Amino acid sequence: MVDMSTTLGPVTLPNPVMTASGCAANGQELHRFFPVPELGAFVTKTVMAAPRSGRGTPRMAETASGMLNSIGLQGPGIDAFVEKDLAWLASVGARVLVSIAGTTAEEFGDVAERLAASPAFGAVVGVEVNISCPNVANRGLVFACDPVSSDLVVRIVRDRLPSTTPILAKLTPDVTDIVGIAEAALLAGADGLTMINTLLGMVIDTDLLRPQLAGVTGGLSGPAIRPVAVRALWQVTAAMRDGRLPTAPLVGVGGVRTGRDALELVAAGACAVQVGTATFNDPSRPRRVVDELEAEVVRHGFTRFADVVGIAHERMVRP
Amino acid sequence: MVDMSTTLGPVTLPNPVMTASGCAANGQELHRFFPVPELGAFVTKTVMAAPRSGRGTPRMAETASGMLNSIGLQGPGIDAFVEKDLAWLASVGARVLVSIAGTTAEEFGDVAERLAASPAFGAVVGVEVNISCPNVANRGLVFACDPVSSDLVVRIVRDRLPSTTPILAKLTPDVTDIVGIAEAALLAGADGLTMINTLLGMVIDTDLLRPQLAGVTGGLSGPAIRPVAVRALWQVTAAMRDGRLPTAPLVGVGGVRTGRDALELVAAGACAVQVGTATFNDPSRPRRVVDELEAEVVRHGFTRFADVVGIAHERMVRP
Amino acid sequence: MSGVVQVTGELIATRRAGAYHHLTLVAPGVAELARPGQFVALAVGGPTSATLLRRCFSIHKVKPSGTYGGTVDVVVAAHGPGTTWLTGLRVHDPVDVVGPLGRPFPLPAEPVPCVLVGGGYGSAPLFWLAEALRERGCHVEMVLGAASEDRLFGVVEARRGADGVSVTTDDGSAGRRGWVSDVLGEVVDRTGAGVVYGCGPMAMLRAVTEIAGRHGAVAQVAVEESMACGVGVCMTCVMPVTGNDGVTRMVRSCVEGPVFRGDRVRWDSFGDGICRVPADTLGAPRAGGH
Amino acid sequence: MSGVVQVTGELIATRRAGAYHHLTLVAPGVAELARPGQFVALAVGGPTSATLLRRCFSIHKVKPSGTYGGTVDVVVAAHGPGTTWLTGLRVHDPVDVVGPLGRPFPLPAEPVPCVLVGGGYGSAPLFWLAEALRERGCHVEMVLGAASEDRLFGVVEARRGADGVSVTTDDGSAGRRGWVSDVLGEVVDRTGAGVVYGCGPMAMLRAVTEIAGRHGAVAQVAVEESMACGVGVCMTCVMPVTGNDGVTRMVRSCVEGPVFRGDRVRWDSFGDGICRVPADTLGAPRAGGH
Ligand SMILES: Cc1cc2nc3c(=O)[nH]c(=O)nc-3n(C[C@H](O)[C@H](O)[C@H](O)COP(=O)(O)OP(=O)(O)OC[C@H]3O[C@@H](n4cnc5c(N)ncnc54)[C@H](O)[C@@H]3O)c2cc1C
Ligand SMILES: Cc1cc2nc3c(=O)[nH]c(=O)nc-3n(C[C@H](O)[C@H](O)[C@H](O)COP(=O)(O)OP(=O)(O)OC[C@H]3O[C@@H](n4cnc5c(N)ncnc54)[C@H](O)[C@@H]3O)c2cc1C
Ligand SMILES: Cc1cc2nc3c(=O)[nH]c(=O)nc-3n(C[C@H](O)[C@H](O)[C@H](O)COP(=O)(O)O)c2cc1C
Ligand SMILES: Cc1cc2nc3c(=O)[nH]c(=O)nc-3n(C[C@H](O)[C@H](O)[C@H](O)COP(=O)(O)O)c2cc1C
Ligand code: FES
Ligand code: FES
């Protein structure tokens with residue numbers, strides 16, 4: 001028997017596998033394929049203060065071993081979300097990691113506050129702060145591209161949530177120095193980090209000779225980007241092990257399709273793993289990764305998942 | 001008949017297809033598969049001042065629709081390069097774009113100087129300055145991650161080469177603001193830019209639970225990263241069209257395998273295209289892309305390749 | 001949301017049908033749940049595939065059981081890498097199937113006359129629908145159109161299964177030269193149709209909706225938006241549709257469609273090959289906003 | 001560099017051989033150029049493949065012409081996605097072939113006795129080599145080793161084509177229990193071999209080199225380094241080898257190998273599953289340097 005549990009600050013999850021925000025809607029759709037409470041946690045689509053229609057279409061383009069999306073954070077707004085989606089997730093017994101965003105730091109705080117005040121808040125095991133979204137106050141520059149904006153958002157959210165609710169800042173890889181952004185988020189009070197969001201990419205329609213997405217650029221995801229996710233987790237974990245950063249749990253995301261893929265992120269430093277785009281290929285993927293990852297832990301002769309977290313830092317051979 | 005010629009500053013090339021530095025060695029190997037002078041230009045493996053052994057092995061890992069490499073800029077050094085490799089390329093009539101690097105700005109200048117002084121310099125149609133390599137004077141931070149270092153290197157190289165030799169600065173996508181780096185390179189005297197170098201990535205060997213590359217991290221290349229290359233070219237071209245950047249030729253590289261892939265980069269703004277990792281899949285790819293790209297130009301009813309460069313900016317529909 | 005299964009199916013027959021390929025897959029469990037208008041999402045490319053996203057196909061017909069277990073038929077036009085891969089499969093090759101997906105065509109409570117309009121492979125799901133309608137006593141006529149004869153699908157089947165068939169081709173290579181919209185009004189009037197069902201390209205569905213409206217019929221159209229997941233989790237397949245409450249929302253065509261009442265679709269937002277978000281949509285971007 | 005072709009081949013036979021798959025490909029042009037010790041690089045995964053890099057395999061044998069044009073045989077161990085794909089191919093499937101690649105085994109000018117040592121599928125290229133050596137009048141013995149009987153390749157063929165055969169398995173399931181290195185010295189001494197040819201895992205080649213050296217023979221070993229291109233353009237397949245001038249360089253095993261004189265390979269740099277750059281290598285990183 002393997003102990004697959006993992007902890008995110010004050011919270012313990014029965015296993016380390018989650019959905020990725022925006023890749024699983026809010027639970028009911030995947031519940032037709034497997035019971036969503038069997039995941040370590042269910043991560044909801046990023047929700048903002050008001051309802052949002054998102055962008056026009058086409059919103060996606062397939063790419064080599066990946067895809068681009070440009071959804072534009074479509075969602076029902078926090079009030080409808082807590083009333084319908086969160087209530088449903090609570091009713092089936094899911095552990096929920098709620099992804100929130102805003103176009104201003106104040107909007108982040110507002111969403112967090114309304115979430116904390118909601119009747120179904122008991123199902124919430126944490127809040128993922130999607131700072132990889134554009135900041136209207138800063139020429140639309142993504143919050144997570146700038147340590148000062150990242151700091152501000154995380155502080156406000158931390159302030160509006162009970163201290164027993166862990167908050168994870170979700171980082172974009174599109175920065176020169178991800179360790180610097182990680183530092184800003186952790187010093188501002190984030191309990192952990194989720195890495196990585198999509199990479200900014202673009203596809204040209206070679207028949208129409210124009211951008212394929214109505215929104216021109218989009219986020220690149222899928223197995224294609226897994227090496228970037230592993231690298232980001234590695235760099236931040238290395239900085240923690242060196243004492244350059246405070247130690248904190250990392251949630252890995254980016255290109256995970258199988259238990260082996262998940263193991264890559266775990267060995268690099270992630271104590272939990274999200275399955276995103278692979279869900280579109282196979283709606284049962286997140287659930288299957290739970291079993292596959294456990295089988296990998298067994299194959300390597302461990303009895304506790306926690307012992308595998310970051311193990312590649314110890315097994316590295318110095319050249 | 002289509003006019004496939006393209007210009008890089010003062011130089012005109014018969015067609016816009018090139019090899020990518022480090023993906024074609026220095027010509028003799030591919031010459032067994034097609035005559036290398038049939039390419040618009042042949043881009044050589046980055047050469048530094050002295051011979052370099054490069055790193056230990058494993059130096060590569062296959063990834064989804066791509067690969068990681070960590071060669072460590074292995075090469076013969078500039079003197080042996082000009083004497084053997086450049087002389088051979090000149091002897092077969094190839095147009096050569098020489099890729100150079102250094103671990104200090106002065107080393108870049110030194111390499112440029114020795115190149116300009118070499119007997120085979122007549123075959124050189126331009127110099128690609130690989131600033132996506134680590135700067136020993138700045139904690140090993142890659143030159144192209146910092147506008148000040150980029151500026152310094154480009155200035156020195158510009159200074160040591162005849163003004164009739166175009167120089168292209170090769171940029172890394174691993175930055176928060178690629179337009180800022182592009183600006184630094186152009187203002188320092190680069191005649192054009194090559195985009196993009198590899199993305200920093202990593203693979204964990206899931207049997208050994210340690211980094212698969214002896215060098216730990218490596219550069220991610222191949223079709224997986226094409227959307228990032230297209231986006232980078234788009235952003236820099238858009239800045240040029242908006243007047244935020246001086247107008248200059250862009251050479252596109254990243255994930256090109258077919259004429260259609262090349263067309264994507266061209267429509268985004270590239271006036272020439274390099275074929276890198278795809279050469280490992282099919283050593284004739286660079287040559288085939290010449291014909292395939294021409295066929296694409298014809299299919300779209302153009303008679304001049306130059307008319308397709310950046311066309312997606314004009315055909316974009318505003319949402 | 002109704003029942004759905006995910007199963008590793010097996011290709012048991014593949015044959016050309018004009019410009020298309022007609023595939024029969026053993027996919028136990030799908031047939032039992034499926035209704036006309038629903039679709040299946042097929043994984044493509046095999047274990048080393050660089051094409052991750054599923055491809056969606058209207059269910060042409062199902063057989064709940066048989067020698068091999070339940071089967072599902074689809075009609076595939078080879079187009080990009082995924083459909084090319086599917087049409088290149090050989091008998092006994094495995095195909096991962098998710099389905100049935102989406103909302104089926106609603107059937108009228110009364111035996112009203114119906115017209116079924118198919119453009120190109122869009123006719124694929126209509127024969128099965130015709131059967132269901134005729135079982136309920138509806139008079140069923142079909143209008144099939146395509147660019148050219150080889151792109152018509154199922155004319156023979158239509159003649160067998162419908163009470164009347166009109167055919168149009170853009171180039172006149174079969175039936176009447178022109179578009180389905182050129183003949184549809186006349187058929188609706190002649191039959192006194194209460195419902196017009198349509199499946200095909202967006203421009204055709206828009207025309208079908210307008211003609212049905214002008215001639216006093218309700219249009220039920222099965223749309224085809226680019227889909228990444230097919231199961232409702234990615235939000236890529238949305239389009240602006242007006243609800244019972246009069247509010248326009250960007251709704252997922254994979255779970256709330258693919259069949260919509262034609263007059264609910266905001267056709268005005270489609271143009272230049274993109275779909276813009278109408279300004280009155282719930283949560284639409286505001287000037288200076290997102 | 002010698003002649004090479006790139007051709008879309010066709011699989012015309014595939015069969016199991018113990019733990020391996022023995023594939024015969026029609027690949028016109030390759031056979032005419034090939035010599036024992038060279039290899040081919042095969043593209044894997046088909047048109048939608050996410051696995052871009054070619055896989056390299058020693059040429060087991062060639063037939064310059066036949067009913068179908070020249071053929072090439074390879075012996076494949078299914079391991080990762082590429083080899084699994086290759087072993088799952090069916091007759092008539094296309095396979096893109098580049099070859100022959102690399103330097104062949106050098107043949108002795110005089111008819112000296114030779115010992116050929118193969119580990120696992122490493123024996124695949126040796127039978128063809130044995131033939132060439134015996135044509136030159138060499139006495140040829142073979143030593144074949146593997147983890148277990150199913151991982152031995154070509155024992156029957158060896159008995160037919162060599163003047164003597166020794167077999168070892170780690171688990172004793174066939175031949176003598178142990179390693180090829182346990183018997184090699186004795187065979188070299190008994191035959192008075194001048195050359196020992198080896199192909200198999202690196203650890204075995206190192207042992208073969210040492211034993212050959214101790215027993216007065218020259219070792220010629222075909223190495224197996226991870227290769228991205230196989231044609232000399234990527235610099236991933238390098239290893240430290242000492243040249244005639246006594247200088248160690250990181251040389252490409254795909255074009256300057258895969259066959260090296262064993263005593264030229266810097267075995268001391270291999271360890272912990274990686275190969276470090278020896279400090280005395282030309283252009284080796286200096287402390288504080290690159
Ligand atoms: C509900 C529904 C029913 C359909 N029924 C049929 C049918 O019966 N027969 C048939 O031939 N085709 C049908 N299509 C269209 C079919 O799904 C696309 O032609 C196919 O996905 C294109 O795949 P590709 O690999 O050829 O093209 P690519 O352009 O490579 O596809 C890339 C990506 O875009 C998506 N995509 C591209 N075009 C479409 C499209 N038109 N609709 C949805 N997704 C798209 C693909 O799913 C894939 O994810 C249907 C589509 C939908 C949504
Ligand atoms: C000169 C030479 C001759 C060979 N001869 C044979 C043979 O006769 N029979 C046989 O079964 N195998 C042979 N191999 C090994 C064979 O190339 C690898 O087992 C195969 O490439 C692994 O592919 P994969 O998809 O199974 O594994 P993966 O691990 O998915 O391969 C990933 C990448 O690494 C490379 N790679 C991984 N392992 C090796 C390796 N051992 N050698 C070279 N590249 C590797 C692959 O080419 C690919 O690019 C030979 C290798 C070389 C270099
Ligand atoms: C269609 C789609 C929608 C997404 N929406 C969100 C979102 O709302 N919030 C968020 O934080 N990340 C979002 N992401 C990013 C994913 O959560 C994840 O970080 C990224 O896709 C990388 O993981 P993957 O490769 O497993 O998909 C979205 C990704 C996709 C593909
Ligand atoms: C094995 C390998 C070696 C490379 N070496 C160099 C190099 O020496 N100098 C350089 O500027 N870029 C080098 N690159 C980067 C390529 O030139 C190119 O920018 C990158 O691979 C993206 O293009 P691709 O996807 O077509 O390969 C190398 C890439 C690979 C895969
Ligand atoms: S296709 Fe994913 S939500 Fe409809
Ligand atoms: S495998 Fe590319 S140089 Fe040898």
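Model, not experiment: these values are computed from the prediction. Proteins come first, then strands; the chains are lettered A, B, ... in the order of their sequence lines, and each starts at number 1.
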Quiz item: Counting only heavy atoms not in Trp267(D), do more than 12 fall under 6.0 Å of its CH2?
Solution: yes
Quiz item: Which heavy atom of Met60(B) sits nearest a heavy atom of Ala228(D), and at what distance?
Solution: CE-N, 3.7 Å
Exercise. Output the distance between atom SG (Cys234(D)) and atom CE (Met67(B)), rounded to the nearest 0.5 Å.
Key: 6.0 Å
Practice problem: May I ask you to name which of Cys23(B), Ala214(B), Ala278(B), Ala64(B) has the most heavy-atom pairs under 4.5 Å with chain D? | Solution: Cys23(B)
Self-check item: Leading residue by heavy atom contact count with chain B [cutoff under 4.5 Å; candidates Val5(D), Val238(D), Asp96(D), Val44(D)]
Solution: Val238(D)
Practice problem: Would you name the heavy atoms of Asn281(B) and Arg54(D) that are closest together and state the gap between them? | Solution: O-NE, 2.7 Å
Exercise. Can you tell which part of Asp282(B) gets under 4.5 Å to a heavy atom of chain D, answering side chain, backbone, both or neither?
Key: both
Exercise. Identify the heavy atoms of Ser284(B) and Gln6(D) that sit nearest to each other, and give their distance.
Key: OG-OE1, 2.7 Å
Quiz item: What part of Thr281(D) is in contact with chain B, defined as an atom under 4.5 angstrom from a non-hydrogen atom: side chain, backbone, both or neither?
Solution: side chain
Quiz prompt | Heavy-atom closest contact (Ala25(B) atom, Arg252(D) atom, distance) | solution = CB-NH1, 4.5 Å
Quiz item: Can a salt bridge be assigned to the pair Arg59(B) and Glu225(D) using a cut-off of 4.0 Å between side-chain N and carboxylate O?
Solution: no
Exercise. For atom CZ of Arg35(D), decide whether the heavy atoms of other residues, nucleotides or ligands shown that lie under 6.0 angstrom number more than 12.
Key: no
Quiz prompt | Choice from Pro283(B), Pro58(B), Gly27(B) maximising heavy atom contacts with chain D below 4.5 Å | solution = Pro283(B)
Quiz item: Tell me, side chain or backbone of Thr277(B) under 4.5 Å from chain D's heavy atoms, or both, or neither?
Solution: side chain
Quiz item: In Å and rounded to the nearest 0.5 Å, what is the OG1 to CE distance from Thr57(B) to Met239(D)?
Solution: 8.5 Å
Quiz item: Which atom names give the shortest non-hydrogen contact between Arg257(B) and Ser49(D), and what distance separates them?
Solution: NH1-O, 4.3 Å
Exercise. Let me know if Leu101(D) has heavy atoms under 4.5 Å from chain B in its side chain, its backbone, both or neither.
Key: side chain
Quiz prompt | For Val277(D) against Gly54(B), the heavy-atom pair lying closest together | solution = CG2-O, 3.5 Å
Quiz item: Out of Thr236(D), Leu53(D), Leu52(D), which one pairs with Phe280(B) under the side chain to side chain contact (heavy atoms under 4.5 Å, CB included) rule?
Solution: Leu53(D)
Quiz item: Which atoms of Val98(D) come close to chain B, meaning under 4.5 Å heavy atom to heavy atom: side chain ones, backbone ones, both, or neither?
Solution: side chain
Practice problem: Quick one: do Glu29(B) and Val231(D) satisfy side-chain contact (heavy atoms from CB on, under 4.5 Å)? Show the steps, please. | Solution: CA-CA 7 Å; Glu29(B) 296 80 2; Val231(D) 301; 5.5 Å; no
